[in-house]
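None of these values were measured; they are calculated from a predicted model.
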Number of protein chains: 2
Amino acid sequence: MITAEQILRKQDLRGTACRKFIINGLLNNDKALSENELKGESPELFDRVTFYRTLITLEESGIIHKIVLNDNSVKYALNSHHHNENNLHSHFHCEECDEVLCLEGKTRFEAELPDKFVSHGVFVVIEGFCADCASHIK
Amino acid sequence: MITAEQILRKQDLRGTACRKFIINGLLNNDKALSENELKGESPELFDRVTFYRTLITLEESGIIHKIVLNDNSVKYALNSHHHNENNLHSHFHCEECDEVLCLEGKTRFEAELPDKFVSHGVFVVIEGFCADCASHIK
DNA sequence: ACATGTAATGCAACAATGTTGCAAATATAA
DNA sequence: TTATATTTGCAACATTGTTGCATTACATGT
Ligand SMILES: [Mn+2]
Ligand SMILES: [Mn+2]
Ligand SMILES: [Zn+2]
Ligand SMILES: [Zn+2]
């Protein structure tokens, strides 16, 4: 099991409390988490700005990625949770419980772009019900 | 050429100034527009809250749809600009000029969802350079 | 054209989130 | 342990989302 310290060291980042807190939060969870979900029980543990800047640092260093949902909310997940061969990377958002997952299964995407357009990446969010909510609601 | 009034009438919505202003802004443009882009020259023409509520009304009545980009910014486009047979509907966001387009070309998307998950829709945003910016930047 | 009821608007106010500058605290390497 | 560069917390401000309520405008029937 890889540790937060190892992840940070690998990117030449200092092992600060806030960074370790966020990475551990994500390591202990298979879903993507919002800033408030990460803070959890201890919302005052770190300053809001520190949290904000730390998330930027972790994203820029390639440790985490951010997922922006259609309701403007934002969640974060570890990049190490993705092991897709192809670079396409999609997410599932449950409309009922608001859970967001990184999808690891096979994904195919093709779009016909206008002439001369260049694609650098694709963001995909699938909306629907997760297994729990689907059975619940029927 | 369809008019804003006709679009509103068809949805049993009153033809108010703000609604017509927004719909005309989108009719005169092939790209998706942000709230500020819509306001354009006359940012004070309508109250911020009126604009906000009007966009909600137009979206709920199915006249426009909103596109949330990965930088948390939001743009809007007319649904009548979409004539895709399939219901998959994707957007292109130019990282350079920030232009957002509704893609009308053929699009294919398939994702393998976890067991029992139910999909209700997919949001796709392709990031890259538009034709102008691609040739510009080289 | 006018009155009428209903729906939309503007204003005030507040919440949530994003963003910067700067001084104090901290992590690492010598 | 100390030095130095980095990170943090605080204050402050910007932007956007959101609600309640009194005023105004729209569409309909007269
Ligand atoms: Mn992901
Ligand atoms: Mn569109
Ligand atoms: Zn769910
Ligand atoms: Zn461009």
Trainee: Out of C/dT9, D/dA5, D/dA25, which nucleotide sits closest to the side chain of B/Arg14?
Mentor: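 Shortest atom-to-atom distance from the side chain points to D/dA25.
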Trainee: Under 4.0 Å between a Lys/Arg side-chain N and an Asp/Glu carboxylate O for A/Lys75 and A/Glu37?
Mentor: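 Salt bridge flag = yes for A/Glu37 with A/Lys75.
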Trainee: C/dT17 phosphate, OP1 or OP2: any side-chain N/O from A/Asn36 under 4.0 angstrom?
Mentor: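 Yes, because at least one side-chain N or O of A/Asn36 sits under 4.0 Å from OP1 or OP2 of C/dT17.
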Trainee: Starting the side chain at C-beta, find the nucleotide from C/dA12, C/dA8, C/dT20 nearest to A/Val49.
Mentor: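 Selected nucleotide (nearest to the side chain): C/dT20.
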Trainee: Separation of A/Asn72 atom CG from D/dT15 atom C1', in whole Å?
Mentor: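 The answer, rounded to whole Å, is 12 Å.
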Trainee: Using the side-chain heavy atoms of A/Cys18, tell me which of these nucleotides is nearest: D/dT16, D/dT8, C/dT20.
Mentor: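 From the listed options, D/dT8 comes nearest.
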Trainee: So does B/Glu35 pair up with B/Lys39, basic N to acidic O under 4.0 Å?
Mentor: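 Yes.
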Trainee: Taking 4.0 Å as the cut-off, does a side-chain nitrogen or oxygen of A/Thr54 come that near to OP1 or OP2 on D/dT7?
Mentor: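 For D/dT7, OP1/OP2 do not have a side-chain N/O of A/Thr54 under 4.0 Å.
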Trainee: Is the distance from OP1 or OP2 of D/dT8 to the nearest side-chain N or O of A/Thr16 less than 4.0 Å?
Mentor: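 For D/dT8, OP1/OP2 do have a side-chain N/O of A/Thr16 under 4.0 Å.
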Trainee: Starting from A/Ile56, walk the hydrophobic network (Ile, Leu, Val, Met, Phe, Trp, Tyr; side-chain heavy atoms closer than 4.5 Å) and list everyone else you reach, by chain and number.
Mentor: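 So far as hydrophobic clustering goes, A/Ile56 is joined with A/Tyr52.
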Trainee: Report yes if the distance between the aromatic ring centroids of A/Phe46 and A/Phe21 is under 6.0 Å, otherwise no.
Mentor: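 Yes; A/Phe21 has its ring centre under 6.0 Å from that of A/Phe46.
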Trainee: Looking only at side-chain atoms of B/Thr50, point me to the closest of C/dG10, D/dC26, C/dG18.
Mentor: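 Taking heavy atoms from C-beta onward, the closest nucleotide is C/dG10.
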Trainee: For A/Arg48 and B/Leu45, take the nucleotide of DNA chain C holding the closest heavy atom to each; which residue's nucleotide lies nearer the 5' end?
Mentor: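 In this pair, the answer is B/Leu45.
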Trainee: Rounded off to whole Å, could you give me the CZ-to-P distance for the A/Phe21 and D/dT8 pair?
Mentor: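 Interatomic distance, CZ of A/Phe21 to P of D/dT8: 13 Å.
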Trainee: Taking the minimum atom-to-atom distance to the side chain of A/Arg19, which one of D/dT7, C/dA8, C/dG18 wins?
Mentor: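 The answer is D/dT7, which lies nearest to the side chain.
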Trainee: Report the distance from atom CD of A/Glu60 to atom C1' of C/dT19, rounded to the nearest whole Å.
Mentor: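 Interatomic distance, CD of A/Glu60 to C1' of C/dT19: 14 Å.
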Trainee: Between A/Leu8 (CG) and D/dT7 (P), how many Å, whole number?
Mentor: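 After rounding, the reported distance stands at 10 Å.
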Trainee: Atom CD1 of B/Ile22 and atom C1' of C/dT9: how far apart are they, to the nearest Å?
Mentor: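 Taking CD1 of B/Ile22 and C1' of C/dT9, I get 13 Å after rounding.
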Trainee: Let me know the distance between CZ of A/Phe51 and P of D/dT7, rounded to the nearest Å.
Mentor: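 Value for this atom pair: 16 Å.
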Trainee: Specify the residue among B/Val74 and A/Leu13 whose closest nucleotide of DNA chain D lies further upstream toward the 5′ end.
Mentor: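 Residue closer to the 5' terminus by nearest nucleotide: A/Leu13.
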Trainee: A/Phe92 and B/Phe117: aromatic ring centres closer than 6.0 Å?
Mentor: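 For A/Phe92 and B/Phe117, the ring centres are under 6.0 Å apart.
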Trainee: Could you state the atom-to-atom distance from CG of A/Asp71 to P of D/dT16 in whole Å?
Mentor: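 Rounded to whole Å, this separation is 17 Å.
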Trainee: Using ring centroids (six-membered ring only for Trp), state whether A/His93 and B/His120 fall under 6.0 Å.
Mentor: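 For B/His120 and A/His93, the ring centres are not under 6.0 Å apart.
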Trainee: How long is the line joining CG of A/Asp12 and P of D/dT6, in whole Å?
Mentor: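 Atom-to-atom, A/Asp12 to D/dT6, this comes out as 12 Å.
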Trainee: Any idea which of D/dG20, D/dG9, C/dT17 is nearest the B/Arg53 side chain?
Mentor: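 Of all the options, the side chain of B/Arg53 is nearest to D/dG20.
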Trainee: Relative to the 5' end of DNA chain D, which residue comes earlier, B/Gly15 or A/Ala17, by the nucleotide with the nearest heavy atom?
Mentor: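 Its nearest nucleotide being more 5', the pick is A/Ala17.
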Trainee: May I ask you to evaluate whether A/Tyr52 reaches the phosphate of C/dT17, defined as a side-chain N or O under 4.0 Å from OP1 or OP2?
Mentor: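 For C/dT17, neither OP1 nor OP2 has a side-chain N or O of A/Tyr52 closer than 4.0 Å.
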